[in-house]
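Structure, as structure tokens:
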Amino acid sequence: MVVPSLKLQDLIEEIRGAKTQAQEREVIQKECAHIRASFRDGDPLHRHRQLAKLLYVHMLGYPAHFGQMECLKLIASPRFTDKRVGYLGAMLLLDERQDAHLLITNSIKNDLSQGIQAVQGLALCTLSTMGSAEMCRDLATEVEKLLLQPSSYVRKKAVLTAVHMIRKVPELSNIFLPPCAQLLHERHHGILLGTITLITELCERSPAALKHFRKVVPQLVKILRTLVTTGYSTEHSISGVSDPFLQVRILRLLRILGRNHEESSETMNDLLAQVATNTDTSRNAGSAVLFETVLTIMDIRSAPGLRVLAVNILGRFLLNNDKNIRYVALTSLLRMVQSDHSAVQRHRPTVVECLREPDASLSRRALELSLALVNSSNVRAMTQELQSFLESCPPDLRADCASGILLAAERFAPTKRWHIDTILRVLTTAGIYVRDDAVANLTQLIGGAQELHAYSVRRLYSALAEDISQQPLVQVAAWCIGEYGDLLLEGSCEETEPLQVEEEEVLALLEKVLQSHMSQPATRGYALTALMKLSTRLRGDSNRIRQVVSIYGSCLDVELQQRAVEYNTLFQKYDHMRAAILEKMPLVERGGSQVDGEAKESKEAQLSETALVSTEPQASKLLDLLDLLDGTSGDAQPPPPLDPSPGGALVHLLDLPGAPPPPPSIPNLRVFEREGLQLNLSFVRPSGTPALLLIMVTATNTSGADVTHFICQAAVPKSFQLQLQAPSGDTLPAQGGLPVTQLLRILNPNKAPLRLKLRLTYNHFGQSVQEIFEVNNLPVETWQ
Amino acid sequence: MIKFFLMVNKQGQTRLSKYYEHVEINKRTLLETEVIRSCLSRSNEQCSFIEFKDFKLIYRQYAALFIVVGVNDTENEMAIYEFIHNFVEVLDEYFSRVVNNV
């Protein structure tokens, strides 16, 4: 006995009647079993009903793949009810990744040429939803024929299918290019919209099409003008604007056509002004059209008057109460600030207002725009605003804000003192969010401003006395106190209030920093060195300092321990040299070109620190990969290596001021070995240029398989200049074939200790390998 | 270009999802939960456009239902905002009583 199958509506009622998830699952599983049985039996009469139920079940999230073949059968059937459900099933269940999808190509082809509108419509819909590249290629000519059919229903669907086909297979553009011109004469908005989209897709994908379609700009202008000046039409009006969707599309196409093309831009000028002035912006639809107009004006070669109009419109948007409108205004102003800087400046007060928005997206945009608007005339006011923003802004914006303020201060600081003050304030407010090189920058800045030494050391001392948790601040303060401790104790300084500081207090503070659990190892290093320097600056007895230093001689941190031991030795054996070694430091040169690179990046929201750049042949630019941070770049020269073994040390020290030694031959270094691939470094210090180091990287392959796509990249600390020349090749043949060599040129003007990080990527034994490692035990002769 | 179109209710259940670019099934649920979380955490005062990974989300709330459209950055956000409303009105025409007081 055949159980009569449920109708779709009954099934839906049953499912919705289920009280719990488990009950629903039960009902569905039972029904799916029925459906599967029915498909097996091959009952043609009720097949469409079964598939309909299956599709409903699929919508709820249950597996329905066993219905795929049924879709094919239904599509092939001559009945319209079957075809309808079959095509719907194909759209939902079949897609490119199923092998079965190609089987419907033939059915679609037949249906397209049948001449029954409804069926053609179904076929076109399905094709435009799930058509794969092969299907599109096969059926392109059919679709093209349908583009010029008398029925507007079919034409509309054909245009949409054409859009899909172009997206899948751009080469079909030569088939779809010719009909477009005729389709533009349509009155039916649906077809027109489709045609504009089709033309947009064609232009985006092929420059030839772009040139071809520039001819239709006058026609587009006419269409848009009609739309704008049309009165109320029931069919197309939304909030008083006639078909805003079509208007927006046309504007976007005009933007693409007018970009970098004087002639087209000129044709559009009047129209754009007309749209901009005539659109009613009390409702969202009008604002959308106006926004698109502004974007178009900005992108094409428009008349200057028009650009000013655009900026003013954006300014008006900024004052609007609607948050959405303000958001789009801020976004577009950000895009314009490069090209029309003065125009945007006029709206600066409003932008600064927006900083105070509680909405995160808005305040982020406002922050970016404010940072972009800072220039030398408004830097003081803007920094003030930005600093008050920094104090109250959400944590994720703080890093950007802090870096932005510091950058702006660097570029436009009116006086050094103001600069130091600003940096100090940023460090106190948001110290943990600043970038790592802020410390180095600040110490360099202070070092350079001789007249401000007393002032800065006082301010830093008071800031430090209040709070020792902000690491960058502590580091800078420790360095300053170490360097200029004598100025601190002197007593008077006109620029700050008089601060009486005792020696004991200073020492106590530095010791507190050393011992605090909040201090990072780098900070402790700064503090220890500062203490050491104070031993010569202070007039009192240095016993206390000696004690502290000797305690740290047994510290667990290797860096601190090394410093403490060396300083201890300085006290004990080389006391007579202590004053000379701990003298005030000369001004440290830093890599100046960093500033320009960073200024350009300040426009983006995230200043990304790591940007791996691949080697370019004959690269003469500075390649700074993998920010290697010199924590000690503040106090550049550590005391010369003090050899604890007696006798040898004195000879070493006496050697330094003598005649420059002949360039010693530096031993080679094997730095990397893995599965037969070896990397060797050989060093040469040419005697003519003492700051130059040439490293030859040689890669050899003794394994049984070739190494391919071999790329070696290198990174050095900021104070160095690195040039990678082109490698001799990127393939290492197996069994000890020809090695690959690459030359690195490193300029080390400061004679700072060399640190080198290498990154290798290659394919070996069928796997891609990536190795990043730092080269240890670089011989001292490479950088001294 | 529109990347995806979601209708999610306040409890986080997806009522309709249509993806115009292929996304893995397991990634879809993840994406949907994250999207609905960012939309629910916004108050009425804030704007309807959220920046989310490499999309922009434009959402509109209708009673207990959120309609969220994910686009890339070539789209006009306000036009999409209008489009969402158009969609709801079309549904209302065909199926009546979709949302009463819109």
Side-chain angles (χ1 to χ4, degrees), chain A residues 59-61 63 91-92 95-97 129 163-164 167 197 200-201 204 238-239 241 243-249 251-252 255-256 281 283-296 317 321-332 335 357-365 605, chain B residues 1-3 5 7-8 11 13-26 28-29 32 38-39 41-61 69 71-90 93 102:
Chain A
M59 250 172 52
L60 292 174
M91 281 193 263
L92 290 176
D95 58 34
E96 291 194 333
R97 285 178 312 283
T129 310
V163 172
H164 175 83
R167 284 191 180 141
T197 316
T200 313
E201 291 287 332
E204 275 175 359
I238 294 186
S239 322
V241 180
D243 205 342
F245 301 112
L246 183 58
Q247 288 192 32
V248 165
R249 285 267 169 205
L251 284 165
R252 195 173 302 163
R255 182 156 86 230
I256 296 177
T281 55
R283 305 292 297 277
N284 187 55
S287 310
V289 173
L290 203 53
F291 177 50
E292 194 73 31
T293 318
V294 167
L295 288 177
T296 305
F317 273 1
N321 279 332
D322 188 351
K323 297 279 175 352
N324 294 344
I325 296 184
R326 276 205 257 186
Y327 176 86
V328 300
L330 284 172
T331 322
S332 344
R335 269 191 254 178
E357 285 290 331
D359 181 342
S361 330
L362 275 182
S363 49
R364 176 186 289 275
R365 292 284 155 173
Chain B
M1 210 179 98
I2 297 184
K3 300 286 180 190
F5 189 101
M7 281 170 74
V8 191
Q11 280 81 38
Q13 294 172 304
T14 312
R15 287 290 175 230
L16 169 70
S17 76
K18 179 89 174 119
Y19 289 84
Y20 293 97
E21 259 187 358
H22 180 58
V23 177
E24 301 285 341
I25 301 286
N26 47 349
R28 285 190 194 189
T29 18
E32 282 156 31
S38 12
C39 292
S41 57
R42 316 267 293 180
S43 68
N44 280 345
E45 302 301 308
Q46 301 181 310
C47 75
S48 305
F49 313 137
I50 308 176
E51 270 148 56
F52 178 80
K53 294 190 199 166
D54 48 349
F55 313 124
K56 265 189 278 213
L57 295 176
I58 297 149
Y59 72 93
R60 243 185 132 139
Q61 187 178 3
V69 177
V71 292
N72 67 0
D73 31 329
T74 53
E75 284 289 341
N76 179 341
E77 294 96 338
M78 298 175 63
I80 300 281
Y81 192 73
E82 198 60 42
F83 165 71
I84 296 178
H85 191 67
N86 199 15
F87 178 74
V88 170
E89 284 191 1
V90 166
E93 271 299 310
V102 176

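Throughout, a chain's letter reflects where its sequence line sits, starting with A, and its residues are numbered from 1.
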**Item:** Distance (rounded to the nearest 0.5 Å) between A:Arg167 CZ and B:Met1 CE
**Value:** 5.5 Å
**Request:** Name the region of A:Ile238, side chain, backbone, both or neither, that has any atom closer than 4.5 Å to a heavy atom of chain B.
**Result:** side chain
**Asked** Atom CD of B:Glu77 and atom CD1 of A:Ile325: how far apart are they, to the nearest 0.5 Å?
**Response** 12.0 Å
**Item:** B:Thr74: partners by side-chain hydrogen bond (donor to acceptor under 3.5 Å, both in side chains), with sequence neighbours left out
**Value:** B:Asn72
**Message:** Restricting to non-hydrogen atoms, name the atom on A:Ala288 and the atom on B:Ala79 that form the minimum distance, rounded to 0.1 Å.
**Reply:** CB-N, 3.7 Å
**Request:** Spell out, as yes or no, whether a donor-acceptor pair under 3.5 Å connects the side chain of B:Asn76 to the backbone of A:Phe291.
**Result:** no
**Item:** Part of B:Tyr20 lying under 4.5 Å from any heavy atom of chain A
**Value:** neither
**Item:** Distance in Å, A:Asn324 CG paired with B:Arg60 CZ, rounded so as to fall on 0.5 Å steps
**Value:** 8.5 Å
**Request:** Tell me, for B:Arg15 versus chain A, whether the close heavy atoms (under 4.5 Å) come from the side chain, the backbone, both or neither.
**Result:** neither
**Message:** Taking side chain as everything from C-beta outward and backbone as N, CA, C, O, which of these in A:Arg252 sits under 4.5 Å from a heavy atom of chain B? Side chain, backbone, both or neither.
**Reply:** side chain
**Fill in**
Shortest non-hydrogen pair, B:Glu82 vs A:Ala285, comes out as OE1-N, 3.4 Å
**Asked** Considering only heavy atoms from C-beta outward, does the side chain of B:Phe49 approach that of A:Thr331 to under 4.5 Å?
**Response** no
